[in-house]
Protein chains: 2
Amino acid sequence: MSPVHRTPPRTAPGDRALDSVMFALDRTSPVPLYYQLAQQLEAAIEHGALTPGNLLGNEVDLSARLGLSRPTVRQAVQSLVDKGLLVRRRGVGTQVVHSQVKRPLELSSLYDDLESAGQGPTTRVLRNEPLAAPADAAAALGLAEGTEVTVLERLRCTHGRPVALLRTYVPPALLELPTQRLESTGLYRMMRSAGIVLHSARQSVGARAATAEEAALLDEKEGAALLTMRRTAYDDTGRPVEYGSHVYRASRYAFDFQLLIRP
Amino acid sequence: MSPVHRTPPRTAPGDRALDSVMFALDRTSPVPLYYQLAQQLEAAIEHGALTPGNLLGNEVDLSARLGLSRPTVRQAVQSLVDKGLLVRRRGVGTQVVHSQVKRPLELSSLYDDLESAGQGPTTRVLRNEPLAAPADAAAALGLAEGTEVTVLERLRCTHGRPVALLRTYVPPALLELPTQRLESTGLYRMMRSAGIVLHSARQSVGARAATAEEAALLDEKEGAALLTMRRTAYDDTGRPVEYGSHVYRASRYAFDFQLLIRP
DNA sequence: GAGTGGTCTAGACCACTGA
DNA sequence: CAGTGGTCTAGACCACTCT
């Protein structure tokens with residue numbers, strides 16, 4: 001038996017590097033406390049102050065040390081668990097996931113489409129006009145076949161070379177779509193500016209051989225393997241706001257994404 | 001003005017069908033209350049008792065009516081918001097998403113791989129042996145190149161016809177992989193039985209032309225467009241447990257999934 | 001048995017929305 | 001303005017894991 005009366009130094013196998021990390025919470029900030037904490041925890045993990053091994057002292061101590069209630073600390077921790085950075089084990093503790101794969105890097109191509117404006121990628125609008133909706137677009141948008149919609153065809157390039165050919169159908173009168181702004185700003189930012197809040201999207205990814213026309217536009221050979229993607233996007237009321245049928249050069253593009261498996 | 005003193009009938013524009021729905025909460029059950037409530041809400045939505053329009057009375061009333069605290073009710077509602085079934089609007093209320101797309105149907109092919117055992121799909125193991133890890137597999141699994149791993153090659157069929165050719169590398173000594181159980185049970189179930197808890201996976205989907213060998217196995221023509229998918233799966237400690245490099249017949253398979261866009 | 005996360009309560013105040 | 005969700009507190013008991 002140890003002659004120590006107090007709690008021993010406690011550098012257990014799964015030692016808690018968190019003790020040395022300082023957190024600065026600003027109660028006057030409009031940013032929620034749980035969110036401030038989550039951000040600082042995430043930064044500490046990324047920056048390496050919190051090593052993958054095992055860690056993160058128990059929630060009761062942590063909340064006492066931070067001057068927060070346990071539910072608030074839990075809310076912060078939970079958000080990182082949802083991001084896949086932490087794992088909770090009942091009776092054990094909360095650990096930082098080993099993970100080579102730090103950044104979840106968000107999800108697949110929608111993210112690209114959301115962000116690809118201004119910087120490297122450029123977009124050329126090949127077509128932007130009203131059209132009687134074809135069967136697939138009408139079905140996806142919940143309209144009668146033949147309803148007038150706006151059809152866009154855009155050629156997306158990175159490093160000056162084509163990557164994707166995007167055909168998009170937008171419901172009538174949803175928003176103005178001046179070609180110039182489409183090329184400079186991107187469809188999703190225009191929607192956001194118009195007060196349309198994206199909520200979810202349904203995607204289907206497949207493959208097929210390039211047609212002669214696609215091959216010419218994309219600088220591929222006819223019959224080359226292309227990635228295809230059909231997507232219907234919905235706003236926060238569940239209303240479809242876009243249906244797209246796109247092809248990507250398989251030689252220059254792939255869909256990368258991380259899944260979290262939920263029990 | 002109405003001569004009524006009490007609260008009027010209150011069949012406002014966004015009327016609350018929830019008032020007529022009964023909830024049965026069992027406090028003796030080991031199932032958490034918030035989870036019971038979430039399930040019953042989800043069932044009510046799916047079954048149509050809660051119509052897409054607008055709905056769901058405020059959380060304070062709801063918790064009072066159910067005899068629960070507001071945080072508990074919030075936890076239930078939040079889980080459905082996370083699933084994309086409900087939308088909260090501050091100052092307005094919580095609404096059922098219109099959504100054509102009811103079932104989120106989980107995510108892409110991993111789900112298929114998890115579930116495709118026993119029923120329609122069958123799996124034939126073409127190869128199951130130790131092998132010095134090639135560069136890509138070693139990198140993905142965090143091993144030195146040439147480390148001995150187990151390589152699996154499996155041909156997956158539905159309706160008696162081939163759909164996919166799966167090449168999988170499993171770290172050494174992770175678990176036993178008898179061919180017969182692989183064909184009857186599936187890799188993921190075997191992992192689960194071995195106490196391996198899947199946590200996340202990184203996937204990359206692309207396309208390319210079929211080689212002669214692939215074409216022969218998959219009953220396609222050489223040069224046909226195939227979907228390709230590379231996946232590294234991790235368990236809950238962040239340890240890589242599988243690296244796969246797979247090809248799917250584009251004529252018979254596509255990756256379908258739903259994204260939720262988070263602000 | 002000690003320590004952990006999982007769940008739950010009964011309040012409180014604030015920020016935003018809409019009439 | 002009243003009503004809504006968003007955040008936060010300070011406790012409580014339970015279920016599980018590990019030693």
Side-chain angles (χ1 to χ4, degrees), chain A residues 1-2 7-8 10 12-16 18 25-39 54-82 86-96 195 197 236-237 263, chain B residues 7-8 10 12-16 18 25-38 54-82 86-96 195 197 236-237 262-263:
Chain A
M1 256 201 227
S2 153
T7 309
R10 185 85 189 240
D15 61 336
R16 18 186 103 164
L18 199 119
L25 299 175
D26 177 4
R27 294 190 103 95
T28 72
S29 163
V31 178
L33 292 171
Y34 79 88
Y35 193 81
Q36 294 184 37
L37 177 56
Q39 281 192 316
N54 299 15
L55 331 203
L56 246 169
N58 74 61
E59 296 173 354
V60 188
D61 284 359
L62 188 53
S63 49
R65 196 142 49 85
L66 296 172
L68 297 175
S69 69
R70 177 148 86 113
T72 301
V73 171
R74 271 185 73 78
Q75 194 173 358
V77 171
Q78 186 60 47
S79 71
L80 298 187
V81 170
D82 290 341
L86 298 176
V87 180
R88 291 195 215 255
R89 297 166 182 278
R90 199 194 295 226
V92 179
T94 303
Q95 305 173 314
V96 179
V197 179
D236 57 359
T237 69
Chain B
T7 308
R10 185 82 190 243
D15 61 337
R16 20 186 99 165
L18 199 116
L25 299 174
D26 178 4
R27 294 190 102 96
T28 71
S29 162
V31 178
L33 291 172
Y34 79 89
Y35 193 81
Q36 294 183 39
L37 178 56
N54 300 16
L55 321 210
L56 247 167
N58 74 61
E59 296 172 351
V60 188
D61 284 0
L62 189 53
S63 50
R65 195 142 50 83
L66 296 172
L68 296 175
S69 67
R70 176 149 88 112
T72 303
V73 171
R74 273 185 71 80
Q75 193 173 359
V77 171
Q78 186 60 49
S79 71
L80 297 187
V81 170
D82 290 341
L86 298 177
V87 180
R88 288 195 216 256
R89 298 165 181 277
R90 200 196 295 226
V92 179
T94 302
Q95 306 174 313
V96 178
V197 179
D236 57 359
T237 68
R262 309 234 157 279

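Just so we're on the same page: letters track the sequence lines, and every chain starts at 1. Computed from a predicted model, the values in this text were never measured in an experiment. For the numbers below, each heavy atom of this structure counts, side chains included, while hydrogens, waters and symmetry mates do not.
Atom CG in B/L25 sits 6.0 Å away from atom CG in B/L33 (nearest 0.5 Å). Between the CG atom in A/L62 and the CG atom in A/N58 there is a gap of 8.0 Å [rounded to 0.5 Å]. With rounding to the nearest 0.5 angstrom, the CG atom of A/L66 is 11.0 Å from the CD atom of A/Q36.
At whole-Å resolution of the value, CZ in A/R74 and P in D/dT9 are 15 Å apart. Rounding to whole angstrom units, CD of residue B/Q95 and P of C/dG18 are separated by 10 Å. Atom CZ in B/R88 sits roughly 16 Å away from atom C1' in D/dG3 (whole-Å rounding). In this structure, the CD atom of B/E59 is 14 Å from the P atom of C/dT9, given to the nearest Å. Atom CD in A/Q78 sits roughly 10 Å away from atom C1' in C/dG6 (whole-Å rounding). Atom P of nucleotide D/dT7 and atom CZ of A/R27 are separated by 15 Å, given to the nearest angstrom. Going from atom CG of B/L86 over to atom C1' of D/dG5 covers 13 Å, rounded to whole Å. Distance CD (B/Q75) to C1' (D/dT7): 15 Å, rounded to an integer number of Å.
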Seminar exercise, completed: Under a 4.0 Å heavy-atom criterion, the protein footprint on nucleotides 10-18 of chain D, written with B, S and -, is B-B--BBB-

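Proximity of A/T94 to the phosphate of C/dT4: no side-chain N or O atom is located under 4.0 Å from OP1 or OP2. For the pair B/T72 and C/dT7, the criterion of a side-chain N or O lying under 4.0 Å from OP1 or OP2 is not met. Remark: B/N58 is in phosphate contact with D/dT4, judged by side-chain N or O atoms under 4.0 Å from OP1 or OP2.
Taking B/S79 as the reference, nothing meets the side chain to side chain donor-acceptor pair (under 3.5 Å) condition, with sequence neighbours excluded. In this view, B/Q78 and B/V81, B/D82, B/R88 satisfy the side-chain contact (heavy atoms from CB on, under 4.5 Å) rule, not counting sequence neighbours. Applying the side chain to side chain donor-acceptor pair (under 3.5 Å) rule to B/T72 yields the partners B/S69; only residues at least two apart in sequence or on another chain are considered. A search for side-chain contact (heavy atoms from CB on, under 4.5 Å) contacts involving A/Q75 returns A/Y34, not counting sequence neighbours. A/R89 meets the salt bridge (Lys or Arg N to Asp or Glu O under 4.0 Å) test with B/D236; sequence neighbours excluded.
Near DNA chain C, defined here as any heavy-atom distance below 4.0 Å, there are no residues from residues 29-39 of chain A.
Applying the salt bridge (charged side-chain N to carboxylate O under 4.0 Å, His left out) test to residues at least two apart or on different chains, the pairs with a partner in residues 67-76 of chain B are B/E59-B/R70, B/E59-B/R74.
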